[in-house]
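Working notes, beginning with the structure itself.
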Amino acid sequence: MIAPIPSSGAVSDHSSPLDSATEARARAICADHNNDPANLLEMLHDMQDEFGYIPSALQNVLADILNLGKAEVHGVISFYHDFRSSPAGKVVVKLCRAEACQSMGANGLIERILDRHNMSDFGTSSSGVTIEPVYCLGNCALAPAAMIDEQLLGRVSETSLDASIATHMQGGQS
Amino acid sequence: MSMILYIPDDAAALSVGANEIANRFASQAEARGLDLTIIRNGSRGMLWLEPLVELETELGRLAFGPVTLDQVDSLLDAMQTSKDHPLSLGLTEDIPYFKNQERLTFARVGLIDPLDLNAYQASGGLAGLKKALDMNAQDICSEVTESGLRGRGGAGFPAGIKWKTVLDQQAEQKYICANADEGDSGTFADRMLMEGDPFTLIEGMIIAGIATGATKGFAYIRSEYPHAIDKMKRAIAVLEAANWLGDNIQGSGKAFTLIVRKGAGAYICGEESSMLNSIEGKRGTVRSKPPIPAIVGLFGKPTIVNNVLTLASVPIILAKGADFYKDYGLGRSTGTQPFQLAGNIKQGGLVEKAFGVTIRELIEEFGGGTATGRPFRTAQLGGPLGAYVSEDMLDLPMDYESLAQNKAMLGHGGITVFDDSVDMADMARFAFEFCQVESCGKCTPCRIGAIRGRETVEKILRGENVASNIALVEDLCEIMTDGSLCAMGGLTPMPVLSALRLFPQDFDRTPVNPTAEAAE
Ligand SMILES: Cc1cc2nc3c(=O)[nH]c(=O)nc-3n(C[C@H](O)[C@H](O)[C@H](O)COP(=O)(O)O)c2cc1C
Ligand code: SF4
Ligand code: FES
């Protein structure tokens with residue numbers, strides 16, 4: 001795996017202590033979810049939406065608020081593919097590599113897209129494009145499928161993906 | 001002149017530009033001074049025709065598709081002047097793909113604005129729930145049992161029996177959980193239903209609550225489905241405002257509240273006990289059974305876990321009666337199944353048919369064969385844990401028993417087609433890889449077996465000791481089948497062994513580099 005390269009401006013030391021503003025926001029998010037440990041996944045989603053990833057120092061805060069062991073919190077975060085321990089690039093591209101997309105050439109497509117971004121495996125490119133594998137986006141009749149940020153794409157080709165990535169890199173939506 | 005157009009906001013339609021098409025129609029209409037209403041419906045399920053635009057006429061809805069941005073203007077010209085257009089498909093309901101279906105669960109999907117409660121009621125919505133409110137719990141469970149409805153999530157367990165078990169438990173709190181994790185490749189019916197007719201799922205959940213004494217529900221939706229999550233949340237708000245959800249539904253004294261839970265990218269969370277752990281905010285590891293969730297489920301309380309399609313089939317069963325539903329289907333597979341045609345198929349989409357339709361009818365008559373036009377080689381039925389079938393199996397009827405007798409399974413009704421360029425040894429490798437990535441790690445046959453399986457198939461692919469490595473894979477499959485705690489490890493052998501059994505020639509690799517073996 002290529003080590004993810006933090007996008008400019010993001011927190012670069014992932015293990016650094018939390019700044020007080022981040023911690024305050026984290027506490028507010030937990031409070032929004034009634035500080036109830038059953039809502040941990042919801043809290044983590046909200047935190048990742050806001051911070052871009054789950055800083056490891058947040059685990060202590062969560063353990064403290066929810067009255068859980070730090071290992072328990074870490075166990076949950078590491079179990080789920082969605083939660084990142086370091087920031088993603090400017091754009092997150094999920095390429096489906098499950099069977100239906102494979103039947104329409106997804107493997108070759110993935111190789112070519114990685115190649116175009118000078119990557120030998122999934123990860124983040126030097127230009128800040130994070131490319132991740134995903135197993136089915138529910139768009140299997142219009143394979144191969146991809147998702148850029150939260151925009152679902154069907155019948156993608158190298159050309160159409162390039163165009164979408166470029167638009168999203170410029171902050172556009174489609 | 002005024003005009004009404006239907007343009008889906010189903011995620012699949014959006015993925016090929018439905019929003020851009022809708023925007024273009026809106027701006028063109030404005031420029032032309034045309035009084036245009038655009039209704040964003042669910043998809044009709046003919047996904048290869050998306051974006052499919054429908055024009056309301058007094059004869060019925062006329063279909064046009066697949067519409068591209070550069071054709072919108074000429075299409076609008078044709079619509080305004082009632083002239084023909086190259087994209088014209090005639091009346092939607094006369095398109096054979098649609099006409100030859102038997103739509104019960106999906107009756108309303110694509111027909112209406114999914115969040116329009118009046119349109120929902122006008123097309124038969126809430127009739128089942130209204131009936132349920134006048135029935136006692138026992139009778140509702142009996143009606144569902146009588147209909148023969150079986151779980152659509154894969155295992156095919158009779159829904160009414162599960163409900164009755166929960167009804168029989170004494171507990172101060174019981175739960176209804178809709179399993180909307182739909183992680184199987186080749187499936188998208190849950191997504192289409194939640195986006196195209198969320199009220200039906202919710203109605204089914206409320207009925208399940210009344211039938212079992214459960215007052216709280218969760219819909220666990222995978223995070224890969226942002227559109228479905230959004231639709232479901234908005235549908236819940238509409239029903240709350242109309243007092244169909246809440247502490248005292250329509251003054252009946254019955255309570256039911258519903259919460260959407262977003263998954264976090266773990267396939268195993270579709271397994272029911274793993275899902276319950278996930279809803280509780282924990283790691284999604286599988287729980288040992290017994291106890292079953294119907295007795296000790298969410299937060300230790302009696303819980304119904306049903307697939308989206310199972311729950312969404314309940315309103316029509318209540319509204320029209322068990323006998324009506326039972327009339328569809330074959331043997332012990334009663335009713336209809338929303339099949340999903342996926343992968344390398346010309347006309348991919350959703351086809352709801354009574355059980356008993358053959359694989360060939362689905363792939364050839366509905367699907368029109370492969371998308372690439374190359375010869376058909378295989379189809380995987382029922383997702384990543386399901387078997388591959390060969391051409392000579394295509395005349396099998398799609399029902400639980402016939403497929404099981406032929407070492408295949410229906411699963412969630414997905415059919416993923418492959419042309420002759422597929423390498424079945426590589427698909428077997430992928431089955432192990434998928435299990436390795438998605439295993440919850442709780443038991444050894446699955447956690448370690450998947451890794452060993454992948455490595456061993458990779459050796460076969462390289463032509464290393466092919467015969468003995470095939471024997472090793474078969475042994476490993478036996479251990480996984482017999483020793484795994486859940487169907488993740490237990491069924492991964494299904495695609496692997498079906499590939500080996502039906503396509504042995506693909507495993508017959510000659511070493512690319514004969515010295516590689518010696519070097520190892
Ligand atoms: C690995 C694995 C994944 C599963 N994924 C799903 C799923 O995504 N959706 C689903 O409804 N059932 C899934 N199931 C089946 C559930 O465990 C359970 O049988 C089902 O939700 C019960 O509902 P039903 O009786 O209505 O089918 C899965 C099972 C396993 C072993
Ligand atoms: S079979 Fe796999 S997924 Fe199922 S409990 Fe065992 S390790 Fe977990
Ligand atoms: S397999 Fe790729 S979207 Fe379903």
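Just the heavy atoms: all of them, side chains too, but no hydrogens, waters or symmetry mates, feed the values below. Chain letters run A, B, ... following the sequence lines, proteins first and then strands; every chain starts at 1.
Using a 4.5 Å cut-off between heavy atoms, K282(B) contacts chain A through its backbone alone, with no side-chain atom that close. Neither the backbone nor the side chain of E195(B) comes within contact range of chain A, judged by heavy atoms closer than 4.5 Å. Contact annotation for S160(A): neither backbone nor side-chain heavy atoms come within less than 4.5 Å of a heavy atom of chain B. With a 4.5 angstrom heavy-atom cutoff, S185(B) touches chain A via backbone and side-chain atoms both. Contacts between D184(B) and chain A at a heavy-atom distance below 4.5 Å involve the backbone alone (N, CA, C, O).
R24(B) meets the salt bridge (charged side-chain N to carboxylate O under 4.0 Å, His left out) test with D73(B); sequence neighbours excluded. Taking R84(A) as the reference, E132(A) meet the salt bridge (charged side-chain N to carboxylate O under 4.0 Å, His left out) condition, with sequence neighbours excluded.
Ring centers of Y267(B) and Y135(A): at least 6.0 Å apart, outside the cut-off.
For the pair R155(A) and E50(B), the salt-bridge criterion is not met [side-chain N within less than 4.0 Å of a carboxylate O]. Salt-bridge formation is detected for the pair R261(B)/E42(A): a Lys NZ or Arg NE/NH1/NH2 atom is positioned less than 4.0 Å from an Asp or Glu carboxylate oxygen.
Across F79(A) and C269(B), no two heavy atoms sit closer than the pair CE2-SG, 4.4 Å.
Judged purely by distance below 3.5 Å, without hydrogens or angles, the side chains of S223(B) and Y80(A) never pair a donor atom with an acceptor atom. Judged by distance alone, the side chains of H227(B) and E150(A) never bring a donor and an acceptor atom under 3.5 Å apart.
At a threshold of 4.5 Å between non-hydrogen side-chain atoms, the residues R97(A) and F434(B) do not count as touching.
Inspection of non-hydrogen atoms places A371(B), Q380(B) of residues 368-380 of chain B under 4.5 Å from chain A.
Within the structure, the salt bridge (Lys or Arg N to Asp or Glu O under 4.0 Å) test picks out the following pairs touching residues 53-76 of chain A (sequence neighbours left out): R27(A)-D64(A).
Per-residue counts of heavy-atom pairs under 4.5 Å with chain A were compared for A431(B), P226(B), A228(B), G284(B); the largest is that of G284(B).
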